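Reading through the structure tokens given below for one structure.
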Amino acid sequence: VGFIKSTAFGHTVGKTLAYGYISKEGFQESQLMERRKSVPCEKGSKITNKWLKAGKYEVGDKGILHSAKLHLKAPFDPSNERI
């Protein structure tokens, strides 16, 4: 459905972070139908933040799937209050 571009350990958040891309073209039709129940998204249309937030994500590593959480902003200080 997508791919990871890079990973790193975030010492300030204490977790491994993965940066990647999601493509609707990689979804099976059954997965798209399930998402459309909560957030309409027609084939060929733009992916929205609302559509992304409706998903459940996993990252595969060496054949093992790990649950993943979507962050649309930086996980540490997303409102830039500490800068």
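Here the structure is a predicted model, which means the values were calculated and not measured. All heavy atoms count here, side chains included; hydrogens, waters and symmetry mates do not. Positions are given from 1, in the same order as the sequence printed here.
Among residues two or more places apart in sequence or in another chain, the side-chain contact (heavy atoms from CB on, under 4.5 Å) test is passed with K73 by P78. Y19 pairs by the ring-ring contact (aromatic ring centres under 6.0 Å, His included) definition with nothing, not counting sequence neighbours.
In plain terms, the two heavy atoms of L52 and Y57 that are nearest each other are O-OH, 2.7 Å. Pairing each heavy atom of K53 with each of L72, the nearest pair is CE-CD1, 3.2 Å. Residues A68 and V59 come closest through the heavy atom pair CB-CG2, 3.8 Å. Nearest heavy-atom pair across L65 and G60 is CD2-CA, 3.8 Å.
Within the model, atoms NE2 of H71 and NZ of K15 stand 7.0 Å from one another, a figure rounded to the nearest 0.5 Å. Note: T12 OG1 to L17 CG = 7.5 Å, rounded to the nearest 0.5 Å.
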